[in-house]
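Report on one structure; see the data block that follows.
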There are 2 protein chains.
Amino acid sequence: MPIRVLLFEDNNKLRESLSYLIDNAEGFTVAGDYSNCNDAFNITRDIKPDVILMDIDMPGHSGIEGVAMVKEANPATAVIMYTVFEDDDKLFQCLCAGANGYLLKKTPPGKLFDAIHDVMNGGAPMSPNIARKVLATFQHKSQANEYNLSPREIEVLQLLTKGYSIKMITSELGMAFDTGRSHLKNIYQKLHVNCGKEAIAKALKERIL
Amino acid sequence: MPIRVLLFEDNNKLRESLSYLIDNAEGFTVAGDYSNCNDAFNITRDIKPDVILMDIDMPGHSGIEGVAMVKEANPATAVIMYTVFEDDDKLFQCLCAGANGYLLKKTPPGKLFDAIHDVMNGGAPMSPNIARKVLATFQHKSQANEYNLSPREIEVLQLLTKGYSIKMITSELGMAFDTGRSHLKNIYQKLHVNCGKEAIAKALKERIL
DNA sequence: TAGTATATACCTCATTTGAGTGATACTACT
DNA sequence: AGTAGTATCACTCAAATGAGGTATATACTA
């Protein structure tokens with residue numbers, strides 16, 4: 001049986017072209033196409049499509065909200081974002097909302113079919129630039145020295161981010177209590193924070209360490 | 001000019017087959033193949049290949065260390081992991097070390113060429129299972145209620161993870177100082193931690209919120 | 001209706017922490 | 001030889017925090 005695809009795209013011309021293209025391809029059928037995702041929850045719940053191609057910039061609810069609605073209505077439906085946006089913010093919001101793939105609209109239409117097959121196969125089709133951005137998030141670490149932390153300070157900060165108290169840190173590293181406090185004071189200065197809690201938040205959010 | 005590929009793989013049979021296969025393919029040439037990556041730094045620095053296929057489990061330095069060495073020697077060289085491992089630990093260690101792709105050895109050899117082209121194109125070729133794991137890391141959030149935090153407690157915890165002091169939190173949320181402390185005490189209990197720093201660390205690491 | 005969870009608020013006490021100040025020693029570079 | 005950075009340790013003081021206990025009002029549930 002053919003793969004059932006749903007389209008959410010507010011550009012009528014594009015939506016109709018895509019619908020025609022996909023519906024006439026071997027092994028695919030378009031189960032519906034919509035110019036907004038205001039009713040995405042009910043639609044998905046009722047139709048339970050295999051794959052959804054989702055634009056981001058639509059009137060009313062955005063595609064980002066759309067993904068969330070779809071995933072709540074039927075988690076088994078795979079959602080591929082299909083958009084012109086490639087800024088980090090929108091990308092990661094979509095991924096966090098549960099998107100299974102992310103294609104830029106400059107993707108040649110023929111590649112769409114590969115992507116749909118890929119996502120049905122448990123994959124995560126992404127345009128090359130997008131995939132690179134995603135992998136880059138794992139590599140944002142070795143920049144501890146953006147703040148010129150000394151090796152010893154890094155050790156201290158690492159233990160701090162485990163929730164250790166100064167006492168625990170200093171005994172772990174075999175230094176005097178006040179030495180640990182000195183290090184922490186210097187760390188706080190370098191990170192431009194005022195207390196340990198801010199330091200932990202900053203260190204973990206920016207993946208220092 | 002052909003794409004210059006380097007192989008690091010300790011299984012001699014497999015390495016020779018791969019080398020033969022790739023070297024005889026149109027548009028590819030094997031610039032070297034090695035059974036371990038103990039000298040990966042110097043090799044990469046001297047040869048500066050376009051792409052490296054890297055095994056993980058090798059005698060001496062692991063492929064994970066290998067990636068790091070390669071990336072230090074010549075960041076422009078793309079590294080595709082080629083391994084049987086699909087456990088989260090090894091995967092994320094490789095990605096953090098700078099790997100550009102991650103293929104399981106069950107990948108049909110023909111797909112290797114697609115992957116190499118993909119990575120040369122700025123992409124990040126990954127086996128479907130792997131890609132799913134990577135995307136899943138972005139979706140590990142909405143499980144705040146694993147700890148049965150009440151809505152109000154979640155608000156408090158969110159501000160806490162911004163490094164806010166109790167004073168700031170309570171004034172932000174318009175409640176009495178002691179009310180904030182009560183909430184925090186309950187939050188600490190529910191998260192099984194003893195202090196705010198641990199709570200922040202746990203909340204950020206487990207992406208509660 | 002009784003019980004449970006939530007949100008609110010207050011009190012006390014001991015500990016932890018941040019800020020300020022100062023000091024010694026070692027290394028590395030100028 | 002002098003300077004800068006790092007690592008070490010000490011002392012004080014005021015503020016922030018965690019742990020303990022109590023209390024009230026509301027809302028939902030059994």
Side-chain angles (χ1 to χ4, degrees), chain A residues 72 141-209, chain B residues 72 141-209:
Chain A
E72 205 181 327
K141 39 182 281 180
S142 46
Q143 57 190 186
N145 257 27
E146 192 183 333
Y147 295 100
N148 293 311
L149 295 173
S150 74
R152 197 57 161 169
E153 287 165 350
I154 291 178
E155 284 185 281
V156 173
L157 183 54
Q158 277 175 332
L159 294 180
L160 190 71
T161 59
K162 290 186 178 178
Y164 283 28
S165 68
I166 303 185
K167 263 189 188 171
M168 294 166 78
I169 293 173
T170 52
S171 84
E172 183 90 6
L173 296 180
M175 62 175 69
F177 181 74
D178 278 312
T179 304
R181 305 216 299 175
S182 288
H183 284 308
L184 282 174
K185 277 183 281 193
N186 295 329
I187 291 170
Y188 297 159
Q189 271 207 327
K190 291 185 180 178
L191 294 187
H192 310 300
V193 299
N194 300 303
C195 66
K197 291 190 290 193
E198 278 187 83
I200 294 173
K202 188 157 194 166
L204 290 178
K205 283 175 182 168
E206 302 190 11
R207 292 189 193 69
I208 304 170
L209 316 184
Chain B
E72 206 181 327
K141 39 181 279 181
S142 46
Q143 57 191 184
N145 257 29
E146 194 183 333
Y147 296 99
N148 292 313
L149 295 173
S150 74
R152 197 56 161 170
E153 286 165 350
I154 290 178
E155 284 185 281
V156 172
L157 183 54
Q158 276 175 333
L159 294 181
L160 190 71
T161 59
K162 290 186 177 177
Y164 283 27
S165 67
I166 304 185
K167 264 188 187 171
M168 294 165 79
I169 293 173
T170 52
S171 83
E172 183 91 5
L173 295 179
M175 61 175 71
F177 181 75
D178 280 311
T179 303
R181 304 218 298 176
S182 288
H183 284 308
L184 283 174
K185 275 184 282 192
N186 295 328
I187 291 170
Y188 297 160
Q189 271 208 327
K190 291 185 180 179
L191 294 189
H192 310 300
V193 300
N194 300 304
C195 66
K197 292 191 291 194
E198 278 187 83
I200 294 174
K202 188 155 193 168
L204 290 178
K205 283 175 182 166
E206 302 189 11
R207 290 189 193 71
I208 303 170
L209 310 184

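Order of the sequence lines sets the chain letters (A, B, ...), proteins ahead of strands, with each chain counted from 1.
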Does B/Gly163 offer a backbone N or O that forms a donor-acceptor pair with the side chain of A/Lys202 under 3.5 Å? no

Supply the atom-to-atom distance B/Ile200 CD1 to A/Thr161 OG1, rounded to the nearest 0.5 angstrom. 11.5 Å

Identify, between A/Ser165 and A/Lys185, the residue whose nearest nucleotide on DNA chain C lies closer to the 5' end. A/Ser165

Return the value, rounded to whole Å, for the distance between atom CD1 of A/Ile169 and atom C1' of D/dT8. 16 Å

Donor-acceptor pair present, B/Arg152 side chain and D/dT26 base, under 3.5 Å: no

Within this structure, what is the NE2-to-C1' distance between A/His183 and D/dA7, rounded to whole angstrom? 5 Å

Whole-Å distance, B/Lys167 NZ to D/dA15 P, equals 8 Å

First and last nucleotide of DNA chain C in contact with chain B, 5' to 3', at under 4.0 Å to a heavy atom: what are they? C/dT6 to C/dT17

Are there more than 12 heavy atoms of other residues, nucleotides or ligands under 6.0 Å from atom NZ of B/Lys190? yes

Which part of the nucleic acid, if any, lies within reach of A/Ile166 when heavy atoms closer than 4.0 Å are counted: base, sugar-phosphate only, or nothing? sugar-phosphate

Under 4.0 Å from any atom of DNA chain D, heavy atoms only: list the residues of residues 189-199 of chain B that qualify, in numerical order. B/Asn194, B/Cys195, B/Gly196

Separation of D/dC9 C1' from A/Asp178 CG (nearest whole Å): 7 Å

How close do A/Val156 and A/Leu173 get, counting heavy atoms only, and between which atoms? CG2-CD1, 3.8 Å

Among B/Leu184, B/Asn148, B/Asn186, whose side chain to side chain contact (heavy atoms under 4.5 Å, CB included) with B/Glu153 holds? B/Asn186

More than 12 heavy atoms of other residues, nucleotides or ligands under 6.0 Å from NZ of B/Lys205: is that the case? yes

Between D/dG5 (P) and A/Asn148 (CG): distance, integer Å: 10 Å

Give the rounded distance in Å between these two atoms: CD1 of B/Ile187 and P of D/dG18. 11 Å

note: A/Glu153, atom CD; D/dT8, atom P; distance rounded to Å ~ 10 Å

Below 4.5 Å, heavy atoms only, C-beta onward: do A/Leu159 and A/Met168 meet side chain to side chain? no

Is there a side-chain contact between A/Thr170 and A/Thr179 in this structure, where contact means two heavy atoms from C-beta onward sitting under 4.5 Å apart? no

Within-4.5 Å side-chain heavy-atom neighbours: A/Leu191 and A/Leu157: yes

If you assign A/Phe177 and B/Arg181 each to the DNA chain C nucleotide with the nearest heavy atom, which residue ends up on the more 5' nucleotide? B/Arg181

A/Thr179 side-chain N/O to D/dT8 phosphate OP1/OP2 under 4.0 Å: no

